[in-house]
Chemist: 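What follows is a single structure, and I will ask about it in a moment.
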Amino acid sequence: MTEVFSFYNVNDDTSINEAYILIHSSNSFTQFSYFVNVCEKIHATTSKNMKVNILSEYLFSLNDESLSIAAPFFSNRIFPRDSIFTLNIGFSIIMQVLSEIASLDPNQIQQIYLRHGDMGALSEYAVSKKHMAPLVKQEALTLSSIHDRFGRVAEAVGSGSGKGKKNILKGLLITGSPLEAKYLIKIINGELRIGLTEGLVEIAVSKAFNQELEDVRDAMLVSGDISQVALLAKRNILSTAIIKPLIPISYMLADVMFTAEEIINYYQKPLICEYKYDGIRAQMHKFKGQIRLFSRKLADVTYAFPELANAAEVTKLSSSSSDIDVILDGEVMAIQNGRPLHFQELQKRLRKKNVTEQIIEAIPLIYVVYDIMYLNGEHTIRKSIRERKEILSNILFTKPIINSSYRVVNSAQEIIVMFEKSRDTGHEGLVLKDPDSQYHPGKRGRHWIKLKKELDTIDAVILIAEYGHGKRAGLLSD
DNA sequence: GGTGGCTGCCC
DNA sequence: ATTCTGC
DNA sequence: GCAGAATGGGCAGCCACC
């Protein structure tokens, strides 16, 4: 109980009292019904402070296992980020299962769905009308039991696995109350929709475990996994979340502007300008000779691009022949005879499981490196991109890995020239970068600006705004 | 063994 | 990915 | 200005079905 009191003392908001009673009037916080109760309370208030207080009290009350399960649910995730699991349960399977539970034919359930407009609400309705019950008396749903069954769904493969998955889902839904069924579906769909943003969840974690919000956010930048970060916060070891090779970090993202003039007017200074490559964003890690490639969502896609992993083995500093450890940011491109292939060609390789010699030859790839986040034991994300480019220039890449070329531009005219050149070469447009900016993982901001539209389609944009006929405007611009 | 529906993940 | 919207 | 929600095209893998 001492922990409870110390927690209570660090919060002076009066709404804590309500949240405190809410949490501690029950005796089993790991029950799913309790999770649902918390969600409903969070949904019911429009006060962000109140949402945070309710959530932080709840997170505080959970044991480690339940915390690591529940935290991702609040961030619209099911499995931790580095998990290869997916449920493969979507709209269709849910509709089938709900129609069976409610003994309504699929058409009827579709109609009801259209009225609700929300799968969670539909699930609540269907389970309230259920014409079946579990064959044997079931224990009440807990975070743990739900997690176990999600795991079994994710692992189910082979003939008959579809039916098995539906049965597990059906069992989950009819075991709990209609309200629990509503939230189960919300979780499965990855849409809790209770007015919680990722940012509020981070605040709740910091309050629950009495950690500095900045420390929680910093840990999230490199971990990206709210489940891990919540546990680290609870153990007071957030500082151990550091950038290290073979573990992916979030990507820095670009903002959009529509004209060269807008960009020049905004920055009023020289900018780093490089092509916008129409490929697949990829993070390359090299550590003690091991190579890993990660996709946009940080899935390990090394297997899909063996020639890139091979070429990375010999990456080294130009000043030394010894092996280096690096984390690189760049774009995987399909390219033939010096010209980019259509994105669809690249897509064929991304998800191909059996990467044959034939397909490697048919769709040649390059990896264009444009940033570096780590080198030989030190992260480089706090250095300016001017410095990071300098570091990159001292690394020797071997084909098909290349260092992205860039120019420094200081006028709209220079940008337009580069843009035309980019399009002539078959690229999408330009990315302009503030030379003084750090690498901000997971952030979309005005440090990187993409310019992909033709500069003379501005008239079409105005048509969209005035008449609201987006599709027609698109035709006019052709 | 072929086809079509479904899902997730690229853009 | 783009576009719209609420805070 | 930011974050979330809604939207769209295309691909491979997978399973159900014939």
Side-chain angles (χ1 to χ4, degrees), chain A residues 46-49 51 74-79 81 83-97 106 117-119 153-166 169 186 188-203 251 253-258 266 276-283 293-301 303-305 331-334 340-356 359 363 427-429 440 442-447 449-453 457 460-461 464-465 468-471 473-474:
Chain A
T46 56
S47 158
K48 289 185 177 180
N49 286 334
K51 287 174 190 285
F74 287 112
S75 296
N76 293 325
R77 294 173 189 276
I78 294 175
F79 300 109
R81 195 184 61 175
S83 169
I84 58 168
F85 282 166
T86 54
L87 289 184
N88 281 304
I89 289 177
F91 177 85
S92 177
I93 290 176
I94 291 171
M95 294 300 267
Q96 289 173 39
V97 168
D118 179 86
M119 299 274 275
V153 168
E155 284 175 326
V157 289
S159 185
S161 64
K163 285 198 174 88
K165 286 162 66 164
K166 284 185 200 168
L169 178 59
K186 281 169 169 278
I188 290 169
N189 271 337
E191 298 175 331
L192 224 46
R193 295 199 210 183
I194 54 175
L196 260 189
T197 64
E198 187 95 24
L200 291 183
V201 178
E202 290 172 2
I203 296 171
Y251 289 93
L253 304 168
D255 215 333
V256 183
M257 289 188 190
F258 297 100
Y266 182 79
K276 186 179 189 310
Y277 306 103
D278 187 15
I280 292 173
R281 191 84 180 267
Q283 203 173 104
L293 271 163
F294 297 99
S295 69
R296 176 70 167 249
K297 287 193 74 178
L298 306 177
D300 189 332
V301 292
Y303 69 92
F305 310 119
E331 199 87 2
V332 176
M333 294 262 306
L341 297 175
H342 285 134
F343 176 75
Q344 287 89 331
E345 299 300 314
L346 180 57
Q347 235 180 334
K348 288 176 186 167
R349 285 202 53 173
L350 178 62
R351 306 185 65 74
K352 192 80 81 181
K353 245 182 169 180
N354 183 19
V355 185
T356 60
I359 194 153
I363 308 173
H427 297 300
E428 253 193 324
H440 298 278
K443 295 294 175 194
R444 188 181 298 283
R446 296 211 152 186
H447 302 293
I449 300 295
K450 52 188 168 184
L451 182 64
K452 20 186 331 190
K453 289 185 172 18
T457 55
V461 174
I464 292 169
H469 298 304
K471 285 173 183 174

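Atom set for the values below is all heavy atoms of this structure, side chains included, hydrogens, waters and symmetry mates excluded. Source: prediction; values computed, not measured. Just so it is clear: chains get the letters A, B, ... in the order the sequence lines come, proteins before strands, and each one is counted from 1.
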Chemist: Considering only D:dC11, B:dC10, D:dG13, which nucleotide approaches the side chain of A:K353 most closely?
Modeler: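 When the side chain of A:K353 is considered, D:dG13 is the closest of D:dC11, B:dC10, D:dG13.
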Chemist: Among D:dA16, D:dC15, C:dA1, which nucleotide has an atom closest to any side-chain atom of A:V157?
Modeler: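 Nearest to the side chain of A:V157 among the choices is D:dC15.
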Chemist: Looking for any heavy atom pair under 4.0 Å, which part of the strands does A:K166 touch: base, sugar-phosphate only, or nothing?
Modeler: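 Here A:K166 touches no strand at all.
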Chemist: Reckon A:S92 has a side-chain N or O less than 4.0 Å from the OP1 or OP2 of B:dG5?
Modeler: no
Chemist: Say whether, by atom type as modelled, one donor and one acceptor occur between the side chain of A:K51 and the main chain of A:I194 under 3.5 angstrom.
Modeler: yes
Chemist: Indicate, with a heavy-atom threshold strictly under 4.0 Å, whether A:G279 touches base, sugar-phosphate, or nothing.
Modeler: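 Sugar-phosphate only.
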Chemist: Among C:dT3, B:dG8, B:dC11, find the nucleotide with the atom closest to the side chain of A:F343.
Modeler: B:dC11
Chemist: Please check this pair: side chain of A:R444 against backbone of A:A254, looking for a donor-acceptor N/O pair closer than 3.5 Å.
Modeler: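 Yes, A:R444 side chain to A:A254 backbone: donor-acceptor pair under 3.5 Å.
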Chemist: Within less than 4.0 Å of OP1 or OP2 of D:dC15, is there a side-chain N or O belonging to A:S161?
Modeler: yes
Chemist: What does A:I89 touch in the nucleic acid at a heavy-atom separation under 4.0 angstrom: a base, only the sugar-phosphate, or nothing?
Modeler: sugar-phosphate
Chemist: So A:L451 and A:K276, side chain to side chain contact (heavy atoms under 4.5 Å, CB included) or not? Walk me through it.
Modeler: CA-CA 8 Å; A:L451 182 64; A:K276 186 179 189 310; over 6 Å; no
Chemist: State which of D:dA12, C:dC7, C:dA1 makes the closest approach to the side chain of A:R444.
Modeler: C:dA1
Chemist: May I ask you to decide if the ring planes of A:H427 and A:Y277 are parallel, tilted or perpendicular, using 30° and 60° as cut-offs?
Modeler: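 Answer is perpendicular, since the angle exceeds 60°.
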Chemist: Go through B:dC10, D:dG13, C:dT2 for me and flag the one nearest to the A:K352 side chain.
Modeler: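 Nearest to the side-chain atoms of A:K352, counting from C-beta on, is D:dG13.
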Chemist: Go nucleotide by nucleotide along DNA chain B from the 5' end; which of A:E428 and A:F91 gets its closest nucleotide reached first?
Modeler: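 Counting from the 5' end, the first nearest nucleotide belongs to A:F91.
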Chemist: So does A:R351 get a side-chain nitrogen or oxygen closer than 4.0 Å to the phosphate oxygens (OP1/OP2) of B:dC11?
Modeler: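 No, no such contact exists.
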Chemist: Check whether any side-chain nitrogen or oxygen of A:R349 sits under 4.0 Å from OP1 or OP2 of D:dG10, and answer yes or no.
Modeler: no
Chemist: With respect to the phosphate group of B:dC11, does any side-chain polar atom (N or O) of A:R296 fall under 4.0 Å of OP1 or OP2?
Modeler: yes
Chemist: Is the shortest heavy-atom distance from the side chain of A:L350 to the side chain of A:F305 under 4.5 Å?
Modeler: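 They are in contact (side-chain heavy atoms under 4.5 Å apart), so the answer is yes.
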Chemist: Could you say whether A:G199 or A:G162 is positioned toward the 5' end of DNA chain D, judged by the nucleotide with the nearest heavy atom to each?
Modeler: A:G199
Chemist: Can you find a donor-acceptor N/O pair under 3.5 angstrom joining the side chain of A:Q347 to the base of B:dC10?
Modeler: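 By the distance-only test, yes, there is a pair.
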Chemist: Ignoring backbone atoms, establish whether A:K348 has a side-chain N or O less than 4.0 Å from OP1 or OP2 of B:dC10.
Modeler: no
Chemist: Identify whether any heavy atom of A:V256 sits under 4.0 Å from a base atom; if not, whether one sits that close to sugar-phosphate; answer base, sugar-phosphate or nothing.
Modeler: nothing
Chemist: Strictly below 4.0 Å: does A:K450 bring a side-chain N or O up to OP1 or OP2 of C:dT2?
Modeler: yes
Chemist: Counting just side-chain N and O atoms, does A:K297 come under 4.0 Å of either OP1 or OP2 of B:dC9?
Modeler: yes
Chemist: Check whether any side-chain heavy atom of A:V301 lies under 4.5 Å from a side-chain heavy atom of A:F294, and answer yes or no.
Modeler: no
Chemist: Can you identify which nucleotide, out of D:dC17, B:dC10, C:dC7, has its nearest atom closest to the A:K163 side chain?
Modeler: D:dC17
Chemist: Looking only at atom C1', what distance separates C:dT2 and B:dT7, rounded to whole Å?
Modeler: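 Going atom to atom, C1' in each nucleotide, I get 22 Å.
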Chemist: Starting at the 5' end of DNA chain D, which residue's closest nucleotide do you reach first, A:R193 or A:L350?
Modeler: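 On the 5' side of the pair lies A:R193.
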Chemist: Between atom CZ in A:F85 and atom P in B:dT7, what is the gap in whole Å?
Modeler: 19 Å
